[in-house]
Amino acid sequence: MLYPSEFDVIVVGGGHAGTEAALAAARSGSKTLLLTHNIETLGQMSCNPSIGGIGKGHLVKEIDALGGAMAIATDEAGIQFRILNGSKGPAVRATRAQADRIIYKQSIRSRLENQPNLWLFQQAVDDLMVEGNKVVGAVTQVGLRFRARSVVVTAGTFLNGLIHVGLSHYPAGRAGDPPAQSLGKRLQELALPQGRLKTGTPPRIDGRTIDFSKLAEQPGDLDPVPVFSYLGNAAMHPKQVPCWVTHTNARTHDIIRAGLDRSPMYTGVIEGVGPRYCPSIEDKIHRFADKESHQIFLEPEGLTTNEFYPNGVSTSLPFDVQLELIHSLPGLENAFILRPGYAIEYDYFDPRGLTSSLQSRQIEGLFFAGQINGTTGYEEAAAQGLLAGINAARFARNDEPWTPRRDEAYLGVMVDDLITRGVTEPYRMFTSRAEYRLSLREDNADLRLTEVGRELGLVDDIRWDAFNRKRDAIEREVQRLRATWVNPRILTAAIAEPLLGKAIEREYSLFDLLKRPNVSYEALMAARLADDSLLAGPGEADPIVAEQIEIQVKYEGYIARQLDEVQKQAGHENHRIPADIDYDAVRSLSFEVRQKLKTHLPETVGQASRISGMTPAAISLLLIHLKRLQ
Ligand code: FAD
């Protein structure tokens, strides 16, 4: 048959993980097939139309640095941008955007349709072809068989998905989409360790029925408007619009409490564990019983729709209770609900069954990414998808996997957390999960990853040139700051006092002066030195380069200390454990530790040390054993 049925990589599912996986595999040169239920829902945001935030924004920048689509699609679709933690240190500053969900989907779809090496096909995958312990392809609902060297499954919340609204429930992948039951059953047959999780979403409101005069307006950052992608700019953004804020009150809380006897969560109907950091409103009222009010953000879903997303009232209470609780909120007294809120339970697979390349330990060539690994969030899904796509393509070419370390990327932190610790509730990214967060900033994701992205075949010439220009400009300017010395004759007291708060008494480099906490790069550049030939400014730095220089200079000492720490740990991180190690042969290990090691099968001593309950003494015994094996 002329129709192509043999591929290097098959990706199942066109959500956030699947689209990045397919793009990455195809970008790196593999013939890739993306099989998904519905081409219209490629890149669909199942919950709120927003991308980024603390920890999540860091992942989006990393995806971008590796040539992925999420950041640039957000720049094309973002209708409100903000920098969160703007007044705090650079490590925890994060970008967040409200996206027009229709434009976002269009942007993702157009990237997929125009990606060389990538084929899109609309069909449910009902079965995986497995020969021995190897996956060799996928079978669709109408029996079409596609073969491939590797398969990435990114089925999101669809595997045996069950939607709950009050005590009613019905099978679905998310509202409006069918569940993936046959694939769910097939994966159960493969006996991979799995469990059930749940997540939820609020009812949506018709904006024409909101009384905005009773709400507080929350504008985005307008001067300047932030951008997500290293290749993005504010001119790409569509019109910017505000969000709005209202609050729950005593009446809202009474309505919710009175409805709990018909809540699927509080009557034990839902078994799956939900996301602790994105709880339902009934959960919040129950857990924080003494709190009198909760903030609710009303977020526009797009420029061409009246739909609003009330962020903070995710619920699976019965519809009549949802209606009453929404009507109790100031500004929403007459609100019309366009879609009911609901909770969904779904199958996930224990990520401890994966290696750090996101490949199954049991079935060769089978990769998992996204919500199916027990995470929550578009960004977490997309980042895993990118990694799984890269490694599925490398597996198909018999290349070694690429596995970023914890000190290199949030992506490395997330995958290491997942595969060494597993999940007991949906996992979301926070900056506090990264021990090296001073080095893992949003602003330097490109400096950390674009070079390796280029080696992996993910970064095109346009991105590579822009990256090199930026990197060279930073290096040149830092060098100039180090090499330019000023003394009290050049930086006279009249210039020094407004700039530094006092006169200088000896010679300093501009680099040393910039290290001082109150001296900004901009002010230093604006200083008119007495010796014109040493004029500090205007420098050649554009604002992005200037920001990078300032961070690098000011935090040099802290970053150097962190690098020392990384180097100390590097021994463990790079010390590989042979896949066929016999833990029974490691002398003096306790039974419990032995069991943990046999279950987790860590790939490195570093990973072994992070398994919960692992002691320094056990690691020493392991090291002695590894030395003996050499
Ligand atoms: P999805 O985006 O779910 O994509 C899965 C894709 O796979 C879909 O395109 C589907 O059609 C396709 N697919 C599935 N099975 C098959 C098959 N057998 N054959 C072919 N195609 C298949 N995240 C948050 O951060 N905060 C929240 O508050 C939040 N609330 C949520 C509430 C709800 C109700 C839902 C459903 C999700 C929520 N999420 C939330 C999670 C967020 O939507 C997911 O984390 C993210 O979409 C996961 O991306 P993914 O690519 O893994 O899966």
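No experiment lies behind these values; they were computed from the predicted model shown.
- Under 3.5 Å, the side chains of Ser520 and Glu550 contain no donor-acceptor pair of N or O atoms.
- Ring pair Trp464/Phe467 is parallel by interplanar angle, where below 30° counts as parallel and above 60° as perpendicular.
- Atom CG of Leu510 sits about 13.5 Å away from atom NZ of Lys515, to the nearest 0.5 Å.
- With contacts defined as side-chain heavy-atom distances shorter than 4.5 Å, the pair Trp402/Leu66 qualifies.
- Cation-pi geometry between Lys61 and Tyr230 is satisfied (NZ or CZ under 6.0 Å from the ring centre, within 45° of the ring normal).
- A salt bridge does not link Arg93 with Asp443: none of the charged nitrogens is closer than 4.0 Å to a carboxylate oxygen.
- For Glu522, the CD atom counts as loosely surrounded, since its 6.0 Å shell holds 12 or fewer non-hydrogen atoms of other residues, nucleotides or ligands.
- The pair Glu301-Arg101 meets the salt-bridge criterion, since a charged nitrogen lies less than 4.0 angstrom from a carboxylate oxygen.
- Ionic pairing of Glu408 and Arg448 is not present here: no N-O contact between side-chain nitrogen and carboxylate oxygen is shorter than 4.0 angstrom.
- Asp461 has a carboxylate O that lies under 4.0 Å from a charged side-chain N of Arg454, or vice versa, which qualifies the two as a salt bridge.
- The cationic group of Arg397 does not satisfy the cation-pi geometry with Phe395, failing either the under 6.0 Å distance to the six-membered ring centre or the 45° limit from the ring axis.
- Atom CD of Gln479 sits in a sparse spot, with 12 or fewer heavy atoms from other residues, nucleotides or ligands closer than 6.0 Å.
- Within a 6.0 Å radius of CD in Glu400, no more than 12 heavy atoms belonging to other residues, nucleotides or ligands are found.
- The minimum heavy-atom distance between Ala608 and Ile577, with the atom names listed, is CB-CD1, 4.3 Å.
- Each of Tyr410, Phe430, Phe228 was evaluated against His58; a single residue qualifies, Tyr410, per the ring-ring contact (aromatic ring centres under 6.0 Å, His included) test.
- Ser357 and Thr355 form a side-chain donor-acceptor contact under 3.5 Å, judged by distance and modelled atom types alone.
- A donor-acceptor pair shorter than 3.5 Å cannot be found between the side chains of Gln359 and Asn391.
- A cation-pi geometry, defined here as NZ or CZ lying under 6.0 Å from the six-membered ring centre and within 45° of its normal, does not hold between Arg421 and Tyr427.
- For the residue pair Glu76 and Ser107, a side-chain donor N or O sits within less than 3.5 Å of a side-chain acceptor on the partner.
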